[in-house]
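Letters go in sequence order (proteins before strands), and every chain restarts at 1.
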2 protein chains.
Amino acid sequence: MATPLRIVEVDKLKTACSTCSLHELCLPAGLTPSELKSMDRMIDIRRSLKRGDYVFRAGAPLHALYAIRTGFMKSCVLHEDGREQVAGFHMMGDLIGMDAIGTGQHLCDAVVLEDSEVCEIPLKSLELMSREIPSLQQHFHRIMSREIARDYGVMLLLGSMRAEERLAVFLLNLSQRFAARGYSSTEFHLRMTREEIGSYLGLKLETVSRTLSQFQSQGLIAVQNKHLRILKIDSLRELVGQHGCRV
Amino acid sequence: MATPLRIVEVDKLKTACSTCSLHELCLPAGLTPSELKSMDRMIDIRRSLKRGDYVFRAGAPLHALYAIRTGFMKSCVLHEDGREQVAGFHMMGDLIGMDAIGTGQHLCDAVVLEDSEVCEIPLKSLELMSREIPSLQQHFHRIMSREIARDYGVMLLLGSMRAEERLAVFLLNLSQRFAARGYSSTEFHLRMTREEIGSYLGLKLETVSRTLSQFQSQGLIAVQNKHLRILKIDSLRELVGQHGCRV
DNA sequence: CCGCTGTTTTGACACAAATCAAAATGGCGG
DNA sequence: CCGCCATTTTGATTTGTGTCAAAACAGCGG
């Protein structure tokens, strides 16, 4: 878990919002071409990150928000006593760092799980520009709100679902997000370990492993280590919200 | 749980942000007197609500955000199958409804637990005005961010703490929030039932009751039904983050 | 003031998931 | 290509909470 981590390097990549294939999924969604140009001026730093790098660490002062161009990461909240809880997994088009606006300090670590590229969005510039461009303002608010909504979903999951349901919800959520990004909704690579899945779902890694095996033997999925294929997506959906369980 | 609920009545109360004792805790924190005047113009509707009323219900279209002037409420997320998870408890100075900005529809119920007054803040007006007043814009962002931060804390709690710790965190949090509002940090009324506490903490009501009794027999607190007194706040603090537990 | 209803407490027992343990597997660096 | 280390799987056992049940209690309306 605690392997030494690279220092991240900052380098300017040649990409721009106006030419980025993600711009309908990302912060600039719905902007006009000329507004997109303004975004390009705002986001001049893009970072290239390797597996194990931190985008930011808990306690660090907030410089910017980060839009994920490519790759995969997790954010995890740390407890004084060393406990760590994965608060979310993030992929291209996601915006991270918003938890830090309140205090000016990040309160979770953002750790790269698969080599990634992120765009650095200075908060001050974003504030300034969203005063000029109402649709940017609205979209930024929507993104923050969606994060709150997502968190409520996780709370529901952690507070009242049994292990099978948690896993099913997790897989369905990944599936849906991959689909929204143009990837297969039924076949993908799990970029995180069983332990990280478990931490996110409030389960131990053994339980995650056992439950995946169980799904496999029921013919719902096919897993081979990190490679996962969903065979009966409807059965998975039915599984969620069944079982008299802990209501 | 499902008692018939009054239809809420809308009436204009004579309060204004500029004369409200909460304005340093609430959305207008840090505004100049003239900016406060603008807020007054924006917030012309204040609602008076009785126990059991809904401020808004899941699925309803978003009209406004609500700032709590007095009272106490819960928000709860609903699962299709009827399960309900309390996502938070809210008191004076809190802003609720932000989860709805993303989709334009509320995704939780906000239920009044103690007769309350709320100020209705039309989202459109807030957007408009925060383009004019940078400090309002910043503070609104801070408030949304703090909600995300709070949610991360709840996720940590639900994902990796044992029953005793959850209860301790819950009590300490209430204590700290009452203190911030000028009330006693060691003696207060629990406005919610054991079942609602349990739902919030991912526990059954019996476990909540048992754990409170245990705290009492350990001399940490004195509970008598809804009345609670914290006797050893430091011991409660130590309790959080102990116990090898589920790391 | 009494009786009703919803809430809380307490006890006995069951079970889902954690813990402990060990083998199997996979991937990376030398 | 081999060997090592991290990850994953599977099994046996324990345990913290859930579940079921019943009694105690509190608050409200008549």
Side-chain angles (χ1 to χ4, degrees), chain A residues 1-5 50-52 74 83 85 113-115 157-168 170 189-217 221-228 239 242-247, chain B residues 1-4 50-52 74 83 85 113-115 157-168 189-217 221-228 239 242-247:
Chain A
M1 191 98 276
T3 46
L5 295 163
K50 291 253 169 294
R51 176 164 225 285
K74 67 171 176 180
R83 259 176 291 187
Q85 165 83 16
L113 298 181
E114 177 194 50
D115 294 4
L157 179 147
L158 291 173
S160 65
M161 291 189 184
R162 38 190 307 106
E164 294 169 33
E165 290 183 285
R166 295 185 195 197
L167 244 314
F170 172 72
H189 241 77
L190 298 170
R191 257 79 200 203
M192 68 299 279
T193 65
R194 302 287 188 265
E195 184 169 23
E196 287 161 337
I197 297 174
S199 170
Y200 180 60
L201 298 177
L203 301 170
K204 296 275 105 172
L205 66 95
E206 294 94 329
T207 306
V208 172
S209 177
R210 266 186 254 274
T211 309
L212 286 176
S213 301
Q214 179 200 320
F215 283 176
Q216 173 145 257
S217 73
I221 61 172
V223 248
Q224 179 146 231
N225 218 28
K226 308 244 181 205
H227 186 82
L228 191 134
L239 219 156
Q242 299 244 322
H243 292 259
C245 68
R246 320 173 104 192
V247 177
Chain B
M1 193 95 277
T3 47
K50 293 252 168 295
R51 175 165 227 285
K74 68 171 176 179
R83 259 177 290 185
Q85 165 84 16
L113 298 181
E114 176 194 51
D115 293 5
L157 179 146
L158 291 173
S160 65
M161 292 189 184
R162 36 189 312 107
E164 295 170 32
E165 291 183 285
R166 294 184 196 197
L167 243 315
H189 241 76
L190 298 171
R191 258 78 199 205
M192 68 299 281
T193 65
R194 302 286 189 266
E195 184 169 22
E196 286 161 337
I197 296 175
S199 171
Y200 180 59
L201 298 177
L203 301 170
K204 296 276 104 173
L205 65 96
E206 294 94 330
T207 306
V208 173
S209 178
R210 266 186 255 275
T211 308
L212 286 175
S213 301
Q214 179 199 319
F215 283 176
Q216 173 146 254
S217 73
I221 62 172
V223 249
Q224 178 144 232
N225 218 27
K226 309 241 179 205
H227 186 83
L228 190 134
L239 220 155
Q242 301 244 322
H243 291 260
C245 66
R246 319 171 105 195
V247 177

Problem set entry | Spacing of A:Q214 atom CD relative to C:dA16 atom P, expressed in whole Å | 11 Å
Exercise. Can you tell if the side chain of B:Q85 reaches within under 4.5 Å of the side chain of B:L158, non-hydrogen atoms only?
Worked result: yes
Problem set entry | Contact nearer the 5' end of DNA chain C, comparing A:L203 with B:Q224 | B:Q224
Exercise. Over how many whole Å does the gap from B:F215 atom CZ to C:dT9 atom C1' extend?
Worked result: 16 Å
For this session: Considering just the side-chain nitrogens and oxygens of B:S209, establish if one lies under 4.0 Å of OP1 or OP2 belonging to C:dT7.
Result: no
Problem set entry | Protein-nucleotide distance (A:L190, atom CG; D:dT8, atom C1'), rounded to Å | 13 Å
Exercise. Please give, in whole Å, the distance from C:dG11 P to B:E206 CD?
Worked result: 14 Å
Problem set entry | Integer-rounded Å distance: C:dT8 C1' and B:I197 CD1 | 11 Å
Exercise. Choosing from D:dG16, D:dG27, D:dG18, which nucleotide comes nearest the side chain of B:K204?
Worked result: D:dG18
For this session: Side-chain contact test, heavy atoms from C-beta onward, threshold under 4.5 Å: evaluate it for B:K226 versus B:M192 and give yes or no.
Result: no
Problem set entry | Atom-to-atom span, CG of A:L212 to P of C:dA17 - whole angstrom | 14 Å
Problem set entry | pair B:L239-B:E164: side-chain heavy atoms closer than 4.5 Å | yes
For this session: Give the rounded distance in Å between these two atoms: CG of A:L205 and P of C:dT19.
Result: 10 Å
Problem set entry | Proximity to the side chain of A:T193 - top-ranked nucleotide from D:dT7, C:dT8, C:dT10 | D:dT7
Problem set entry | N/O (side chain, A:K226) to phosphate O (OP1/OP2, D:dT8) under 4.0 Å | yes
For this session: Could you tell me whether the side chain of A:L167 reaches within less than 4.5 Å of the side chain of A:Q214, counting heavy atoms only?
Result: no
Exercise. Any salt bridge between B:E196 and B:K74, counting N to O under 4.0 Å?
Worked result: yes
Exercise. Are any of A:R210's side-chain N or O atoms less than 4.0 Å away from OP1 or OP2 of D:dT10?
Worked result: no
Problem set entry | Phosphate OP1/OP2 of D:dG18: any B:T207 side-chain N/O under 4.0 Å | yes
Problem set entry | Gap between atoms CD and C1', on A:E196 and D:dA6 respectively (whole Å) | 12 Å
